[in-house]
2 protein chains.
Amino acid sequence: MSKQKILLVDDEPDILEIIGFNLEREGYEVFTAPNGRKALEIARKQKPDLVLLDVMMPEMDGMDTCRELREDPNLKDTLIAFLTARNEDYSQIAGFDAGADDYISKPIKPRVLVSRVKALLRRQVAIEPVATKTNLSGIVINKERYVVYKDGVELSLPKKEFELLALLASQPGRVFTRESILSNVWGNDVIVGDRTIDVHIRKLREKLGDDFFKTIKGVGYKFEP
Amino acid sequence: MSKQKILLVDDEPDILEIIGFNLEREGYEVFTAPNGRKALEIARKQKPDLVLLDVMMPEMDGMDTCRELREDPNLKDTLIAFLTARNEDYSQIAGFDAGADDYISKPIKPRVLVSRVKALLRRQVAIEPVATKTNLSGIVINKERYVVYKDGVELSLPKKEFELLALLASQPGRVFTRESILSNVWGNDVIVGDRTIDVHIRKLREKLGDDFFKTIKGVGYKFEP
DNA sequence: CTTGGTCGTTAATAATGCTTTAACCCTGAG
DNA sequence: CTCAGGGTTAAAGCATTATTAACGACCAAG
């Protein structure tokens, strides 16, 4: 499971830095943009989960940016929150349905912001897909229960092992490169040594049987029922 | 599958129009009423899936209307959500007693409202259908009476503990992530620390036995009979 | 208006056990 | 034979969870 992405847009570099730092510390992947135009560009490329948008900006302001974001069908589900100065006429903004999901008023306290962001993203994730069962020659993977059955016997694998198995089994027979394993299971910006994957593969082999996991030298691994 | 019905009750015509418009755009069938009396009338005829109820209204206020709705056996399963001014703390408590399912605080942001409504109606199909009584290897959960029996002995759990138990037991064996626990038991915009869940789990383990609650590190908890 | 109790939350600290590393071994291609 | 890529192992490192105590909010009884 990879990090959730947040795009932070404000024309003050200080704000970008402080808030960005706080969000990164919470484990989010943060992108920043100094203006609306740049924001749109990044948004289209990165498809962030949440955009934090300053209302007052030179050139293209928050409202306009918001509207443009909403018009892009690929960004339909992106959450947008406005950062507003405290005593801007709140009702006027709120009444204007530019499509914001939340308002956060300045001056911004990092802790508060982080909580609000968490709450917003939590709501989004709550809509998680549920059913997921895979059955492959005696091996049943039940993502819902976080449990694997081998010939009817229940095994509960630790998180990383489970996710690695789930990935490989998602397309049996297909070879996953080490690189793609890393980015899917560990996330794009986690740095771990190559041996880490081996070790996890080993544990899976130990628990499920050697034969299921085939090594393709110089490339990666595949799962074979 | 036919449209889900929503009854919107508020004495301000503007609100009815704006919110009504947004909900209709999302594919719901919307009825509106300017006061409690009218609301009851429509509710009895239409049996809406959800009633959005302004707390402050002339004549019969939201609380009273809510209570009357709850008394009608035909409307037993109807969801009720209150629309409240932001810091009316008191109404919060009184309202849950009156049988509310959610609170949405004013000023109302259309998009926020729509996602809350979606979440509520989804929860309805996803979690409610589990009977109000559940019996799992010596543990009986009676949602109606807010009471739990362990091997015939009655335990009365505090609200949060009960709700947590009810959630986990609603789908035994399924892992609930911390996030989904938070959004189902605490609600989407309550900010509490992660440790809070642990503490409640601990209390449940204390009262019902360790074995029922399994920790999946890095993921969440599940209930196992 | 007090008092005593329960509940919900947090903070601090301890315990747990998953992850990763590092060092060394094995194997097959060339 | 050589060596690059992979396998194995144990132990260190780390993140997550468990536990406890303490606090504040609330409520009911006096």
Side-chain angles (χ1 to χ4, degrees), chain A residues 1 3 25-27 111-112 114-115 118-119 146 148 155-165 168 175-179 181-182 184-187 189-222, chain B residues 87-97 146 148 155-165 167-168 175-179 181-182 185-187 189-222:
Chain A
M1 196 170 70
K3 287 186 183 180
R25 199 176 47 188
E26 292 295 320
R111 295 198 134 224
V112 175
V114 167
S115 320
K118 276 189 185 167
Y146 239 84
V148 176
L155 304 172
S156 79
L157 306 181
K159 189 171 156 170
K160 281 277 182 313
E161 282 171 44
F162 187 88
E163 285 174 359
L164 176 55
L165 172 60
L168 294 180
V175 181
F176 289 82
T177 62
R178 281 163 178 278
E179 204 183 315
I181 291 174
L182 280 181
N184 278 293
V185 177
W186 274 263
D189 28 41
V190 180
I191 299 160
V192 294
D194 260 15
R195 289 282 97 11
T196 298
I197 298 178
D198 306 3
V199 172
H200 283 90
I201 289 283
R202 185 183 171 280
K203 288 184 180 151
L204 287 175
R205 283 177 168 152
E206 213 169 56
K207 290 172 183 168
L208 296 174
D210 274 17
D211 314 333
F212 290 110
F213 304 90
K214 186 158 184 194
T215 306
I216 315 293
K217 263 202 158 184
V219 186
Y221 296 94
K222 69 177 173 180
Chain B
N87 35 19
E88 286 178 284
D89 227 21
Y90 178 70
S91 63
Q92 205 83 344
I93 295 113
F96 271 118
D97 288 345
Y146 244 81
V148 175
L155 303 172
S156 79
L157 304 181
K159 186 170 161 172
K160 281 280 185 298
E161 282 170 44
F162 185 88
E163 286 174 358
L164 176 54
L165 172 62
L167 175 67
L168 294 180
V175 178
F176 289 81
T177 62
R178 280 162 182 280
E179 278 178 0
I181 291 174
L182 281 180
V185 176
W186 274 263
D189 28 40
V190 179
I191 315 289
V192 294
D194 264 12
R195 291 285 119 321
T196 299
I197 300 178
D198 306 7
V199 174
H200 282 89
I201 288 284
R202 182 178 174 283
K203 289 180 182 156
L204 286 175
R205 294 214 249 237
E206 216 167 53
K207 290 172 184 168
L208 296 173
D210 274 17
D211 314 334
F212 290 111
F213 304 90
K214 184 159 183 193
T215 306
I216 315 292
K217 254 202 164 181
V219 186
Y221 295 94
K222 67 178 171 181

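So you know, we letter chains A, B, ... as the sequences are listed, proteins then strands, and number each from 1. FYI, side chains are in, hydrogens and waters are out, and symmetry mates aren't considered; it's all heavy atoms of this structure.
One can place NZ of Lys214(B) at 13 Å from C1' of dG17(C), the figure rounded to the nearest angstrom. Rounded to whole Å, the distance from CD1 on Ile181(B) to C1' on dG8(C) is 16 Å. Rounding to whole angstrom units, CD1 of residue Ile197(B) and P of dT17(D) are separated by 9 Å. Atom CG of Asp198(B) is separated from atom C1' of dT9(C) by 12 Å (rounded to the nearest Å). To the nearest angstrom, C1' of dT10(C) lies 15 Å from NZ of Lys160(B). Rounded to an integer number of Å, the gap from OH of Tyr221(A) to P of dG6(D) is 6 Å. Straight-line distance from the CG atom of Leu164(B) to the P atom of dC7(C): 15 Å, rounded to whole Å. Between the CD atom of Glu163(A) and the P atom of dC18(C) there is a distance of 14 Å, rounded to whole Å.
OP1 or OP2 of dT10(C) lies within a sub-4.0 Å distance of a side-chain N or O belonging to Thr196(B). An OP1 or OP2 oxygen of dG7(D) is reached within less than 4.0 angstrom by a side-chain nitrogen or oxygen of Thr215(A). For dG8(C), the OP1/OP2 oxygens have no side-chain nitrogen or oxygen of Trp186(B) closer than 4.0 Å.
Contacts with DNA chain D (heavy atom under 4.0 Å) in residues 200-211 of chain B: Arg202(B), Arg205(B), listed by number.
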Set out, line by line, the N/O atom pairs under 3.5 Å between protein and nucleotides 13-16 of chain D.
unit_1	atom_1	unit_2	atom_2	d
dT16(D)	O3'	Gly218(B)	N	3.3
dT16(D)	O2	Lys217(B)	NZ	3.4

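Residue contacts for Phe162(A): at a heavy-atom cut-off of 4.0 Å it reaches no nucleic acid atom on any strand shown.
In this structure a side-chain-to-backbone donor-acceptor pair under 3.5 Å is missing from Arg178(A) to Ile197(A).
Side-chain proximity of Val199(B) to the nucleotides dA11(C), dA18(D), dG7(D) is greatest for dA11(C). Of the listed nucleotides (dT19(C), dC7(C), dT20(C)), dT19(C) has the atom at the smallest distance from the side chain of Lys159(A).
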